[in-house]
There are 2 protein chains.
Amino acid sequence: MTAPGEAARPKPARRPTIKDIARRAGVSESAVSFALNDRPGVSQDTRARVRRVAEELGWQANSAARALSGERAGALGLVLARPAQTLGVESFFLQLVSGIQEVLSARKIALLFQVVEDLGTECALYRRWWAERRVDGVLVVDPRTEDPRPQLLTALGLPAVVIGGPAAPAAVAPHPDAAAPAAPPPDAAAQPPLATVWADDAKAMARILDHLYGLGHRRIVHVAGLPGLAHTERRIRSLRTEAALRGLDARHVRSVTTDYSDAEGAEATRRLLDAARPPTAIIYDNDVMAVAGTAVAAGRGIPVPAALSIVAWDDSALCRVTHPRLTALVRDTPGFGRLAAQELLAVLDGGPHRTVQGELPHLEARESTGPCPHD
Amino acid sequence: MTAPGEAARPKPARRPTIKDIARRAGVSESAVSFALNDRPGVSQDTRARVRRVAEELGWQANSAARALSGERAGALGLVLARPAQTLGVESFFLQLVSGIQEVLSARKIALLFQVVEDLGTECALYRRWWAERRVDGVLVVDPRTEDPRPQLLTALGLPAVVIGGPAAPAAVAPHPDAAAPAAPPPDAAAQPPLATVWADDAKAMARILDHLYGLGHRRIVHVAGLPGLAHTERRIRSLRTEAALRGLDARHVRSVTTDYSDAEGAEATRRLLDAARPPTAIIYDNDVMAVAGTAVAAGRGIPVPAALSIVAWDDSALCRVTHPRLTALVRDTPGFGRLAAQELLAVLDGGPHRTVQGELPHLEARESTGPCPHD
DNA sequence: TCCTCGGACTTAACCGCATTAGTGCGCTCA
DNA sequence: TGAGCGCACTAATGCGGTTAAGTCCGAGGA
């Protein structure tokens with residue numbers, strides 16, 4: 001009656017429990033529990049013996065049982081809300097996840113990773129995870145200016161760390177360089193106090209502008225990503241501020257927004273190059289658009305960097321396979337993930353909701369940026 | 001005594017349990033369990049009432065409790081063994097994961113996704129997940145010719161589906177077109193009978209060769225990926241078979257292996273173009289190498305496709321941002337993920353270990369392939 | 001009329017671990 | 001000398017479900 005291929009299925013080996021350990025070590029189950037969890041109540045001798053037996057048996061705590069009694073699921077969640085099409089050309093997320101897991105796996109904490117279509121589904125998923133007690137906390141990515149998630153998570157009491165927030169870091173920790181009185185946006189105070197790790201986009205933008213300004217560029221356009229995202233707005237604001245600091249004309253140094261796709265990146269580039277006075281330098285908010293923009297320039301016979309300089313915000317293999325190779329802003333993304341994971345663990349351990357800052361990115365100058373051409 | 005930012009932390013709302021439902025519905029806890037799990041033993045009336053109350057309370061089963069008693073973790077695992085550097089330029093994985101989750105989330109099954117450095121760590125992780133009963137099964141990616149994972153998983157009794165295996169589909173389901181007596185490799189029989197979803201790389205390769213052969217190309221090199229991977233070997237074998245079928249010279253139609261990186265893809269391309277009789281067409285095993293190869297050609301002033309045709313195995317935004325846009329083999333990767341997830345669920349439900357085949361990819365002809373130049 | 005049968009529930013046991021409340025024992029000290 | 005104490009350990013309970021084993025009751029058959 002068994003289907004082909006089913007016949008040989010072996011009976012799964014029974015996994016050892018603390019009861020097995022208790023029997024072999026000649027103690028009670030609770031003594032085993034004490035011994036294995038570093039709690040007082042057992043002698044050094046017994047503790048060592050129990051540990052040895054557990055080792056021999058290859059015992060690992062049943063995560064469900066531990067979760068049920070210990071009130072900890074031993075898992076964290078990360079949801080990525082992205083339409084399926086736009087998925088995966090960026091290296092950012094896998095690297096972030098990789099960094100996060102480096103921290104988690106050392107503490108035997110699992111990561112539930114889920115890709116969903118939109119923000120609504122993401123919120124529904126948080127509710128479900130919360131109700132099912134699947135996770136002890138979540139890492140929130142792609143914070144937005146109008147974001148329902150912090151409020152939801154606060155209401156649920158689900159510990160969280162926002163990666164890439166807050167919308168206005170200046171309001172939390174005033175940027176020493178930001179002499180210009182950049183008024184904190186009205187929603188800054190309204191944000192529930194979730195723990196946050198953030199990157200100093202203002203300083204990063206300053207570095208890019210230093211580089212381009214130093215090369216003589218005065219007409220610089222920033223091809224940004226999705227307008228709703230917090231870091232997009234932050235970068236746009238930073239560009240304005242930094243341009244003003246250098247006395248640059250706001251009509252020639254400005255941002256345009258896209259959906260991060262190669263198609264919109266290319267389209268934006270075409271429009272920019274069609275203008276009466278096209279920019280001499282373009283900053284793209286991700287690697288994919290930068291490559292697409294470079295291809296557009298190549299298609300029109302516009303030499304890079306002789307006639308147009310290009311900078312990619314975020315490095316990846318892509319930036320090295322184009323011709324010429326792209327000058328890019330290099331971030332330690334796995335490091336950022338590690339930082340976020342550590343913060344979340346700290347919150348779970350009862351720590352305060354802090355706002356910590358990731359390492360500053362640096363600009364890797366390659367062949368796509370050069371001196372500004374003379375008109 | 002509370003740290004700043006901690007003061008406002010709300011007491012988490014208590015999540016409802018079946019006990020709450022039982023009280024409100026005026027029945028016992030087990031009646032609730034029966035009602036909510038579609039088991040006989042309660043009247044239609046009671047069932048409806050219990051359901052309504054559960055709905056009102058927003059009840060969701062505590063996954064830990066269910067796992068503990070029901071022997072099902074309600075989660076599956078997927079491990080990606082990749083060195084951190086090579087992470088994330090391919091769109092394949094996120095799309096695969098997205099497809100998998102489409103199937104899983106409908107059944108409220110979570111996915112544990114983990115990125116590790118190597119195969120040894122991956123195996124250790126399977127052991128841990130098994131011992132901790134974290135997952136009910138796993139999806140195995142990147143099968144290799146010498147792969148310790150199937151044996152381990154079989155020994156553990158951890159249900160699994162291999163994505164992209166087996167090494168020799170011909171041995172399982174003879175390819176009708178494969179008239180050439182391609183001897184099944186020795187390890188084919190040694191493979192434990194894990195469930196498998198696979199793509200017909202032989203047919204895909206045939207399509208690519210049809211295209212290139214039809215354009216007159218007779219010197220074709222396949223820049224393959226990592227030599228240890230099953231699908232790499234399969235594609236290499238397919239190229240040989242298909243070349244022989246068309247009477248092509250094995251010295252001019254051959255494969256070289258790389259590590260999938262842009263660097264090795266570019267390096268391989270340089271070597272090929274340096275040869276006395278360089279190929280007139282190159283097939284790259286992923287999009288990143290194809291783009292890198294195109295850049296090398298551009299750097300040497302070799303026009304594509306006038307002097308060199310290029311095909312990418314796997315499509316992505318990358319193939320559309322180069323100049324010219326790359327002819328690519330388009331696969332329905334999310335669909336492949338859905339298929340794999342369905343197979344694993346079938347196995348968990350006691351089904352047989354089948355070997356099912358994914359949809360055939362098609363070749364999207366773009367501007368990077370053209371008629372073979374005359375020598 | 002009595003007994004049986006089965007549907008609709010309830011009770012109780014259990015999953016594997018953490019944790020709290022004992023228990024027995026040797027030692028100290030009034 | 002016996003109350004008091006601390007230590008090492010055991011017994012018992014609970015987490016929130018599932019499930020096997022009753023219990024109750026009304027309908028149907030002999």
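Convention: sequence-line order gives letters A, B, ...; per-chain numbering from 1.
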Rounded to whole angstroms, how far apart are [atom1] on [X] and [atom2] on [N]?
{"X": "A:Leu68", "N": "D:dG16", "atom1": "CG", "atom2": "C1'", "answer": "5 Å"}
{"X": "B:Leu36", "N": "D:dG17", "atom1": "CG", "atom2": "C1'", "answer": "11 Å"}
{"X": "B:Ile21", "N": "D:dT18", "atom1": "CD1", "atom2": "P", "answer": "10 Å"}
{"X": "B:Arg14", "N": "D:dC15", "atom1": "CZ", "atom2": "C1'", "answer": "12 Å"}
{"X": "B:Ile18", "N": "D:dG16", "atom1": "CD1", "atom2": "P", "answer": "10 Å"}
{"X": "A:Lys19", "N": "D:dA11", "atom1": "NZ", "atom2": "P", "answer": "13 Å"}
{"X": "B:Trp59", "N": "D:dG16", "atom1": "CH2", "atom2": "C1'", "answer": "9 Å"}

Polar side chain donor-acceptor pair, B:Ser33 to B:Ser30, under 3.5 angstrom: no

Looking at every strand, decide which applies to B:Ser28 at a 4.0 Å heavy-atom threshold: base, sugar-phosphate, or nothing. base

Base, sugar-phosphate or nothing for A:Val32? Non-hydrogen atoms, less than 4.0 Å. nothing

Just to verify, what does B:Arg47 make a side-chain contact (heavy atoms from CB on, under 4.5 Å) with, not counting sequence neighbours? B:Ala35, B:Asp38, B:Val42, B:Gln44, B:Arg51

Going through the distances and angles, do B:Arg338 and B:Ile100 end up as a side-chain contact (heavy atoms from CB on, under 4.5 Å)? CA-CA 5 Å; B:Arg338 283 195 295 271; B:Ile100 290 168; over 6 Å; no

Other residues, nucleotides, ligands: >12 heavy atoms within 6.0 Å of B:Glu56 CD: yes

Under 6.0 Å from the CZ atom of A:Arg49, do we count more than 12 heavy atoms belonging to anything else shown? yes

Do NZ/NE/NH1/NH2 and the carboxylate oxygens of B:Arg66 and B:Asp136 come within less than 4.0 Å? no

Checking side-chain contact (heavy atoms from CB on, under 4.5 Å) for the pair A:Glu117/A:Arg82: CA distance, chi angles, key distance, verdict? CA-CA 5 Å; A:Glu117 279 285 314; A:Arg82 290 270 170 121; over 6 Å; no

Let me see the working for B:Arg14 and B:Asp20 under side-chain contact (heavy atoms from CB on, under 4.5 Å), right down to the final yes or no. CA-CA 11 Å; B:Arg14 208 178 66 77; B:Asp20 299 314; 3.0 Å; yes

Could you pull out the protein-nucleic contacts involving nucleotides 19-27 of chain D (nitrogen or oxygen on both sides, under 3.5 Å)?
unit_1	atom_1	unit_2	atom_2	d
D:dT19	OP2	B:Arg39	NH1	3.0

Under 4.0 Å from any heavy atom of chain B: name the first and the last nucleotide of DNA chain C that qualifies, 5' to 3'. C:dA8 to C:dG16

Does the side-chain contact (heavy atoms from CB on, under 4.5 Å) test come out yes or no for A:Leu104 and A:Leu76, once each step is laid out? CA-CA 9 Å; A:Leu104 299 193; A:Leu76 302 179; 3.6 Å; yes

Do the side-chain N or O atoms of B:Asn62 get closer than 4.0 angstrom to the phosphate oxygens (OP1, OP2) of D:dC15? no

